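The next block holds one structure in the form of structure tokens; read it before the comments.
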Amino acid sequence: MSGDCLFCGIVAGDVPADIVERTQGAVAFRDINPQAPTHILIVPSDHVPSAADLGRDSGETLAEVFSLAARLARREGLEGGWRLLTNVGPGAGQSVFHLHFHLLGGRPLAWPPG
Ligand code: 5GP
Ligand code: ZN
């Protein structure tokens, strides 16, 4: 837990959020400023600043995040297509420095992204 981290606060239950699911190592909650009909953030419970800080020992956490994403996509009815992405660094739009994956769907998703 990192003291001044917003998403650590959500994981700990100190900051309110619309929690979708909690697993042993990850928490999923709805984005406060949704960019699609489904916009869920999936965060590892342990504080990691970004995907740039992952290593070979992160495999279990990532497997949990990806299987949770697939389960939530099915539950949200996104069989037609969905996107799971993480921004790394301010130049890519990262604004919260606790690793999180955006699960987006429910509308056509253009490529390439902006
Ligand atoms: P980033 O820009 O770092 O990739 O994504 C951060 C995301 O966190 C943004 O989509 C933003 O809307 C969301 N966000 C920021 N503050 C809060 C909050 O307090 N609660 C929730 N649920 N989402 C937040
Ligand atoms: Zn954190």
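By convention here, the first residue in the shown sequence is residue 1. Both counts, for ligands and for their atoms, begin at 1 and track the order of listing. What you see is a predicted model, and the numbers here were worked out from it, not measured in a lab.
Interface of N33 with ligand 1, defined as ligand atoms under 4.0 Å from a residue heavy atom, comprises 12 (O). The distance from ligand 1 to the heavy atoms of V96 drops below 4.0 Å at these ligand atoms: 3 (O), 6 (C). The atoms of ligand 1 that sit less than 4.0 Å from any heavy atom of F29 are 22 (N). Atoms of ligand 1 lying under 4.0 Å from at least one heavy atom of F7, given by number and element, are 8 (O).
For Q24, the CD atom is loosely surrounded, since the number of other residues' heavy atoms within 6.0 Å does not exceed 12.
Between H100 and ligand 1, a contact under 3.5 Å exists for at least one N or O pair. For the pair H39 and ligand 1, the shortest N or O to N or O distance does not fall below 3.5 Å.
For the atom pair CD1 of I32 and CD1 of I10, the computed distance is 7.5 Å after rounding to the nearest 0.5 Å. Atom NE2 of H47 is separated from atom SG of C5 by 5.0 Å, given to the nearest 0.5 angstrom.
Among D18, N87, L104, the residue whose heavy atom sits closest to atom 4 (O) of ligand 1 is N87. Closest heavy-atom approach to atom 19 (O) of ligand 1 within the set I19, L6, V15: this belongs to L6. Considering each of I40, I32, I10, the one bringing a non-hydrogen atom nearest atom 14 (N) of ligand 1 is I32.
The Zn ion (ligand 2) sits nearest to atom ND1 when only the N, O or S atoms of H47 are considered.
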Take R83 and H102 through the test side-chain contact (heavy atoms from CB on, under 4.5 Å) and record every step on the way to the result.
CA-CA 8 Å; R83 189 170 289 165; H102 298 256; over 6 Å; no
For a side-chain contact (heavy atoms from CB on, under 4.5 Å) check, start with the C-alpha distance between H98 and V43, then their side-chain angles and the critical distance, and finish with the verdict.
CA-CA 8 Å; H98 177 132; V43 311; 4.1 Å; yes
side-chain contact (heavy atoms from CB on, under 4.5 Å) between F101 and L85, worked out
CA-CA 5 Å; F101 293 83; L85 67 89; over 6 Å; no
Applying side-chain contact (heavy atoms from CB on, under 4.5 Å), run through D53 and L99 and close with a yes or a no.
CA-CA 9 Å; D53 303 291; L99 176 62; over 6 Å; no
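Within the 4.0 Å heavy-atom criterion, neither part of T86 lies near ligand 1. Of the heavy atoms in A17, none comes closer than 4.0 Å to ligand 1.
Using a non-hydrogen distance threshold of 4.0 Å, G93 registers as a contact of ligand 1. The closest approach between H102 and ligand 1 falls below 4.0 Å for a heavy atom of the residue.
Less than 6.0 angstrom separates the ring centroid of F7 from the ring centroid of F29.
For the pair E21 and R30, the salt-bridge criterion is not met [side-chain N within less than 4.0 Å of a carboxylate O].
Closest to atom 9 (C) of ligand 1, if we only count protein heavy atoms, is D31 OD2, 3.3 Å. Nearest protein neighbour of atom 3 (O) of ligand 1, counting heavy atoms only, is S95 N, 2.6 Å. Nearest to atom 22 (N) of ligand 1 among the protein's heavy atoms is R30 O, 2.9 Å.
An angle of 110° is found at the Zn ion (ligand 2) between H98 atom ND1 and C5 atom SG, rounded to 10°.
A donor-acceptor pair under 3.5 Å is formed between the side chain of E64 and the backbone N or O of G25.
T61 has its side chain out of reach of D46: every pair of non-hydrogen atoms, C-beta onward, lies at least 4.5 Å apart.
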